[in-house]
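The shown structure was predicted, so the numbers you read here are calculated from the model rather than taken from an experiment. By convention in this document, chain letters (A, B, ...) are assigned in the order of the sequence lines, proteins followed by strands, and residues within each chain are numbered from 1.
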Number of protein chains: 2
Amino acid sequence: MLIRKLDGIAQLSDEERRAIAQLPVTVRPLGPHQDIVREKDKPSQCCLLLDGWACRYQILSEGKRQIFSFHIPGDIPDLHSLHMRVMDHGVCTLSSAIVAFVPHEPLRDLTAAFPGIAAILWRDTLVDAAIFRAWMTGLGRRTASEAVAHLFCELYLKLQAMGLARDHAYRLPLTQSEIGDALGLSNVHVNRTLRELRGKDWITLQGGRLEINKWQELANSCDFDPAYLYLERRIA
Amino acid sequence: MLIRKLDGIAQLSDEERRAIAQLPVTVRPLGPHQDIVREKDKPSQCCLLLDGWACRYQILSEGKRQIFSFHIPGDIPDLHSLHMRVMDHGVCTLSSAIVAFVPHEPLRDLTAAFPGIAAILWRDTLVDAAIFRAWMTGLGRRTASEAVAHLFCELYLKLQAMGLARDHAYRLPLTQSEIGDALGLSNVHVNRTLRELRGKDWITLQGGRLEINKWQELANSCDFDPAYLYLERRIA
DNA sequence: CGTTGACTTGATAAAGCTCAAATTTGGTGG
DNA sequence: CCACCAAATTTGAGCTTTATCAAGTCAACG
């Protein structure tokens, strides 16, 4: 299956490739804003995003929401559930999406049989954690416009690495409220921040399509350093 | 060595125990506020904290600092370096500390030979990521006093699980600036927040010792739900 | 063509920052 | 034991950033 798409990260032996291809998967199309896993669930499978966007989030009292990450095709947003029984957060689609479910059992067997595959998947969850850290500094130490700029840069590189974006432009199926919930801002303030970035002509954003007109300026303004995405291998 | 301390998380076979005990380690005492690994380093070893506190952090332009996590004895703050070549952040001591260094090579061999050990270590990095997520909601969606309360509750449970705290009290070798850098607050505002918590007599904090007088009130005020620490196994 | 959800704008308030100046504390050398 | 120093804590005042509340616009869609 398309799972090998993700495993272009490192070199796989033929045997490993074969073992992965034999994993039982269930492919399912989903509508937008549909839950894939909910907080407190005890899932028995992981999901590989084949198409569309998803996010991980948590709802707090008073209806506040924190979004932890955005996910694009090739990601396995709940890979961690392989070793953690209960979800501390939910996963839901943002756009309509196509998802492949892989049961935990065979996946665990696979990692036990092939330490190389285990290392790749482990590494994937570590990159995840590195992105969390980058978001933490955004939430804690960056101004609103720096945080938005940083997010846009990050998403571009992730999409580009998967061959889903080029020329500094991409489809961005996020509402301003969703951006706010990710960056710890109100939807109103996100709106003003976007206006500011548009005003400087650094970006063009309309109809769910983002174009970064001044990559250098945008990246410099927020000290964007792509090292934390650990994309080196994918480029190769 | 004391590495098995950490591996009380799950049941180990004798063989696994033996293999762990044979890992080559170098134990070293360190003074307070000393770097263990720096951002952009390419370490060839991991460090296990045997005694004292450490933290992971990143410095941004203009001297701002974001602290990502606090670490206590039993933690391996840079375990992720096993699968990521270059550090995207630094690790330093907070108090004076004792650290055991374990080279990557034999550790990698160990995980390849014992998938069970690999799973435990992997899981450890996943709990780490879960704590990052909890901090993200603190940074993004909680008020200053909620965030401080949440941090104090988290640290108590982590310390208690390692047998380093009881009766809702513990040594807290952090300055107010360090707390601020962790929670995205200025040192001044941390100070006022602490005053507020002291005023309600929820906590007593002096001379580096924290006592939580009203656990229920403190935990409720910040919606503290310890599930994300995944401590179940350790209790057993 | 009316409804809905997203976006936009304005006005006001709150949370938290910065700067600056005490005050306290913990150590250190005499 | 005391004087002294540096670091940490505490307090005050004014200022920014961002939140909140309230309208109003716009576009998509049945």
Remember a base hit wins even if backbone is also touched, and classify [X] as base, sugar-phosphate or nothing at under 4.0 Å, heavy atoms.
| X | answer |
| --- | --- |
| B:T175 | sugar-phosphate |
| B:G208 | nothing |
| B:G184 | sugar-phosphate |

May I have the distance from [X] (atom [atom1]) to [N] (atom [atom2]), rounded to whole angstrom?
| X | N | atom1 | atom2 | result |
| --- | --- | --- | --- | --- |
| B:R195 | C:dA15 | CZ | P | 15 Å |
| A:L194 | C:dT9 | CG | P | 11 Å |
| B:H189 | C:dC17 | NE2 | P | 6 Å |
| B:D181 | C:dG16 | CG | P | 16 Å |
| B:L205 | D:dT10 | CG | P | 8 Å |
| B:L183 | C:dC17 | CG | P | 11 Å |
| A:Q206 | C:dA6 | CD | P | 18 Å |
| B:I179 | D:dA8 | CD1 | C1' | 12 Å |

Nearest-nucleotide comparison on DNA chain C, the residue closer to the 5′ end among A:S177 and B:S186: A:S177
From the set [options], return the single nucleotide nearest to any side-chain atom of [X].
| X | options | result |
| --- | --- | --- |
| A:R192 | C:dG16, D:dT11, D:dA19 | D:dA19 |
| B:Q176 | C:dA6, C:dC17, D:dT10 | D:dT10 |
| B:N191 | C:dT9, D:dT10, C:dC7 | D:dT10 |
| A:L185 | C:dC17, D:dT11, D:dA19 | D:dA19 |
| B:V188 | C:dG16, D:dT18, C:dA20 | C:dA20 |

Judged by modelled atom types alone, do A:D35 and A:Y57 share a side-chain donor-acceptor pair under 3.5 Å? yes
Any side-chain N or O of A:R198 under 4.0 Å from OP1/OP2 of C:dT8? yes
Could A:D223 and A:R142 be called an ion pair, given the rule that one side-chain N must be under 4.0 Å from one carboxylate O? no
Just wondering, more than 12 heavy atoms not from B:R38 lying within 6.0 Å of its CZ? no
Is atom CZ of B:R209 surrounded by more than 12 heavy atoms (other residues, nucleotides or ligands) closer than 6.0 Å? yes
Can you say whether the rings of B:Y170 and B:Y156 are parallel (under 30°), tilted (30 to 60°) or perpendicular (over 60°)? parallel
